[in-house]
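The structure appears right after this line, and notes come after that.
Both ligands and their constituent atoms are indexed starting at 1 by order of listing.
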Amino acid sequence: MNYQKILNTISSEVSCKNSTGKVASYIPELAKIEAEKFGMHLYCVNSGHYGFGDHQERFSIQSISKVFALTLTMSLLDDELFKRVDVEPSGDPFNSLVQLEYEQGIPRNPFINAGALVISDILISHLANPKKDFLEFIHDITDNNTIIINPKVFQSEKKYSHRNAALLNLMKSFGNIKNDIEIVLDFYIYQCAIEMSCMEIATAFMIYVNGGKKMTTNKSILSHHKVKRINAIMQTCGFYDEAGEFSFRVGLPGKSGVGGGIAAVHPGQYAVTVWSPPLNPKGNSELGMYALERLTTLTGLSIF
Ligand code: GLN
C-alpha cells in the first residue's frame with residue numbers, strides 16, 4: 001500500500017474544500033487557533049510513518065485524552081469500573097445532562113463528559129500524583145517526555161466549566177463521585193489541556209493497533225482483551241451523537257476532540273490522526289471526518 005501517495009491525494013482534495021465548520025469558542029483560548037491548520041499522520045505497523053501538512057505541530061487534544069484516561073484506569077482496575085460507567089452509546093451531545101437524571105448518575109459511557117469525569121474521579125482515588133502520573137503515562141506510551149499541557153487552555157477552560165461542574169454535582173448527588181468536585185474538575189480540565197501533534201497521537205494510539213503493546217519496545221500497556229474493549233467503545237461512543245455517522249462514513253474505531261483532532265485505528269494495520277480545527281454542529285472536525293472517509297475509501301482498509 002502506497003500510503004504517502006494516498007495521503008498526497010487527500011491533501012490536494014482537502015486544499016480545494018471549504019469547511020463550513022466553526023472553531024470551538026466556548027473555551028475562549030481554543031478560538032484563537034488558525035482555522036486553516038490541517039495535518040494528517042498515519043503510522044503503519046509494517047511500514048512506519050507517513051504524514052503531511054501541520055502533522056508535527058501540537059494542538060489541544062481535549063477529548064482524545066479520554067481514551068488515554070480510560071486506558072490508564074483499565075490498566076489499574078478490572079470489571080468493577082463498569083459499575084460506575086456504562087458502555088452504551090449516548091446519542092446525546094458530549095456535555096449533555098439529560099440522561100444522567102434518568103439513569104441515576106451512571107454515565108452512558110467513558111467518552112461523554114460525564115463518563116470521563118467519573119474516570120477522572122477514579123484516577124484521583126488510585127494515583128499518588130494524578131496530574132504527574134497521567135502525564136508520565138502519556139510520556140511512556142509515546143516515548144516522548146516533552147509532552148505537556150498548555151496552561152492558557154487550562155486556565156481558560158477553568159473559567160467556563162459550569163456544565164462540567166453541573167455534571168459532577170448531579171453525579172455526586174447520586175453517590176457516583178467520591179472526591180471533591182473542584183479536585184475532579186481540575187484534573188479533568190488538566191488532561192484535556194495536554195497538547196500533542198498528529199504524529200505523537202498516532203504513536204500513542206499504536207497500542208490499540210498492536211494488541212496493547214508499544215511498537216518500540218513491545219512493552220505491554222494493556223491486555224489484548226482490554227484493548228478489544230477500548231476499541232469497541234471508540235467504535236460505538238467515540239463521536240457522541242455522531243458515532244453512527246462516523247462508523248457509516250469512515251468505518252474505524254476513533255475519538256474526536258473539540259481542538260479539532262480525530263484519532264482512529266485499524267487494529268493490526270495502522271493508527272491515523274487528523275487535525276483541522278473547524279467543527280461541525282456535533283463538535284467533530286468537519287474536514288477531519290472527510291479526510292478519514294477518503295482514507296478508508298482510497299485504501300479499502302476500514303474494519304468493515
Ligand atoms: N474539555 C472539553 C469539555 O469538557 C472537552 C470536550 C471535547 O473535546 N469534546 O468541554
Side-chain angles (χ1 to χ4, degrees), residues 21-33 58-70 85 89-100 107-121 123 131 134 138 149-171 177 181-196 198 201 205 233-234 236-243 245-246 254-264 273-286 288-289:
K22 293 206 165 41
V23 177
S25 57
Y26 76 100
I27 301 173
E29 200 58 33
L30 291 183
K32 296 182 183 166
I33 306 295
R58 287 182 177 163
F59 60 92
S60 197
I61 69 170
Q62 292 296 320
S63 284
I64 297 174
S65 67
K66 291 170 180 167
V67 186
F68 302 136
L70 177 64
V85 55
S90 67
D92 272 328
F94 64 88
N95 55 7
S96 172
L97 282 141
V98 288
Q99 275 169 345
L100 266 187
R108 275 283 170 118
N109 66 69
F111 292 159
I112 50 173
N113 285 16
L117 289 162
V118 168
I119 296 293
S120 293
D121 186 50
L123 284 176
K131 290 180 178 173
F134 188 75
I138 305 266
I149 68 149
N150 179 328
K152 286 188 185 156
V153 173
F154 175 68
Q155 291 304 340
S156 183
E157 183 165 2
K158 283 208 97 173
K159 283 193 207 135
Y160 297 92
S161 53
H162 308 106
R163 278 194 88 83
N164 286 326
L167 289 166
L168 279 167
N169 276 288
L170 189 53
M171 291 190 290
I177 293 294
I181 282 170
E182 283 308 314
I183 292 172
V184 182
L185 196 55
D186 182 76
F187 176 60
Y188 168 77
I189 294 172
Y190 180 90
Q191 68 162 60
C192 289
I194 290 171
E195 291 194 325
M196 293 167 77
C198 290
I201 296 171
F205 268 63
I233 304 172
M234 281 202 267
T236 50
C237 313
F239 299 85
Y240 319 113
D241 43 344
E242 203 170 35
E245 178 83 7
F246 190 84
K255 184 74 202 81
S256 62
V258 291
I262 302 178
T273 304
V274 63
W275 174 44
S276 168
L279 308 177
N280 66 21
K282 308 272 180 170
N284 299 314
S285 170
E286 184 187 305
M289 270 179 79

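Among Pro93, Ala24, Ser256, Ser63, the residue whose heavy atom lies nearest to atom 9 (N) of ligand 1 is Ser63.
Considering only non-hydrogen protein atoms, atom 2 (C) of ligand 1 sits nearest to Gln62 OE1, 3.1 Å. Scanning the protein heavy atoms around atom 10 (O) of ligand 1, the nearest turns out to be Tyr26 OH, 2.5 Å.
The distance criterion of under 3.5 Å between nitrogen or oxygen atoms is not met by Lys66 with respect to ligand 1. In terms of polar-atom proximity, defined here as any N/O pair under 3.5 Å, Tyr188 does make such a contact with ligand 1.
Looking at Asn164 and Tyr188, their side chains come closer than 4.5 Å, going by heavy atoms from C-beta outward. For the pair Met289/Asn280, a side-chain contact is recorded, criterion being any heavy-atom separation below 4.5 Å from C-beta on. At a threshold of 4.5 Å between non-hydrogen side-chain atoms, the residues Met196 and Ile138 count as touching.
Within the listing of ligand 1, atoms 8 (O) sit less than 4.0 angstrom from a heavy atom of Gly257. Within ligand 1, the atoms closer than 4.0 Å to a non-hydrogen atom of Cys192 are 1 (N), numbered from 1 in the order shown.
With Lys255 contributing its side chain and Gly238 its backbone, the two residues share a donor-acceptor pair below 3.5 Å.
Relative ring orientation between Trp275 and Phe59 is described as parallel, the plane-to-plane angle staying below 30° on a 0-90° scale split at 30° and 60°.
Contacts between Arg163 and ligand 1 below 4.0 angstrom, taking non-hydrogen atoms only, are absent altogether. Residue contacts with ligand 1, taken as heavy atom pairs separated by less than 4.0 Å, involve Asn164 solely via side-chain atoms from C-beta onward. Here Val258 has heavy atoms under 4.0 Å from ligand 1 in both its backbone and its side chain.
Side-chain contact annotation: Tyr240 with Asn284, donor-acceptor N/O pair under 3.5 Å absent.
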- Message: Between Ser60 and Leu30, does the side chain to side chain contact (heavy atoms under 4.5 Å, CB included) criterion hold? Intermediate values first, please.
- Response: CA-CA 8 Å; Ser60 197; Leu30 291 183; 3.6 Å; yes
